Amino acid sequence: ARRAAAPRVAGESMTLDEARAHIGAGVVYNPGHGRPEDGEIVRVSDLYVFVVFAGDRTPKATPPGALTLLAPHQNESLF
């Protein structure tokens with residue numbers, strides 16, 4: 001079952017610092033086209049947030065601005 005994304009200010013993007021503070025948290029990736037995907041933050045580099053998406057075994061480099069934290073159970077693992 002899909003959880004609702006945490007409310008955010010319109011146009012506000014997740015930052016790398018916010019992602020670092022939420023390693024292990026569930027996120028929604030919105031690519032701007034196609035369907036959003038649920039995933040979990042596993043690490044953060046200087047440029048990207050690495051997310052393991054549902055059904056995947058390896059993390060994918062994801063731009064932080066395309067991610068939104070899931071709520072309310074942000075520390076609950078998706079896997």
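All values reported here derive from a predicted model rather than from experimental measurement. We number each residue from 1, following the sequence as shown. Reckoned from all heavy atoms, side chains included, excluding hydrogens, waters and symmetry mates.
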message: side chain to side chain contact (heavy atoms under 4.5 Å, CB included), that's the test. Do N30 and T68 meet it? Break it down for me.
response: CA-CA 8 Å; N30 187 349; T68 303; over 6 Å; no
- prompt: Considering residues at least two apart in sequence or located in another chain, which fulfil the side-chain contact (heavy atoms from CB on, under 4.5 Å) criterion with P64?
  reply: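 Partners of P64 by the side-chain contact (heavy atoms from CB on, under 4.5 Å) criterion, ordered by chain and then number, come out as L16, V49.
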- prompt: Taking only residues two or more places apart in sequence or in another chain, which ones pass side-chain contact (heavy atoms from CB on, under 4.5 Å) with S45?
  reply: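 S45 satisfies side-chain contact (heavy atoms from CB on, under 4.5 Å) with L47, Y48, F50 only.
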field: Partners meeting side-chain hydrogen bond (donor to acceptor under 3.5 Å, both in side chains) with D46 (sequence neighbours left out)
entry: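 D46 satisfies side-chain hydrogen bond (donor to acceptor under 3.5 Å, both in side chains) with no residue once adjacent residues are dropped.
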Sequence-distant partners of R20, side-chain hydrogen bond (donor to acceptor under 3.5 Å, both in side chains), two or more places apart: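 Here the qualifying residues are D17.
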- prompt: For the residue pair P31 and P36, what are the closest heavy atoms and their distance?
  reply: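 P31 and P36 have their closest heavy atoms at CD-CA, 4.3 Å.
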task: Please report the shortest heavy-atom distance between D56 and V52, naming the atom on each side.
output: O-CG1, 3.5 Å
Could you tell me whether the side chain of [Y] reaches within less than 4.5 Å of the side chain of [X], counting heavy atoms only?
{"X": "I23", "Y": "V42", "result": "no"}
{"X": "E40", "Y": "V27", "result": "no"}
{"X": "L70", "Y": "V28", "result": "yes"}

message: So, applying side-chain contact (heavy atoms from CB on, under 4.5 Å) with Y29, which one of K60, E37, R35 is it?
response: E37
field: CA sep, side-chain torsions, deciding dist, call: L69, E18, side chain to side chain contact (heavy atoms under 4.5 Å, CB included)
entry: CA-CA 10 Å; L69 287 171; E18 184 178 13; 3.8 Å; yes
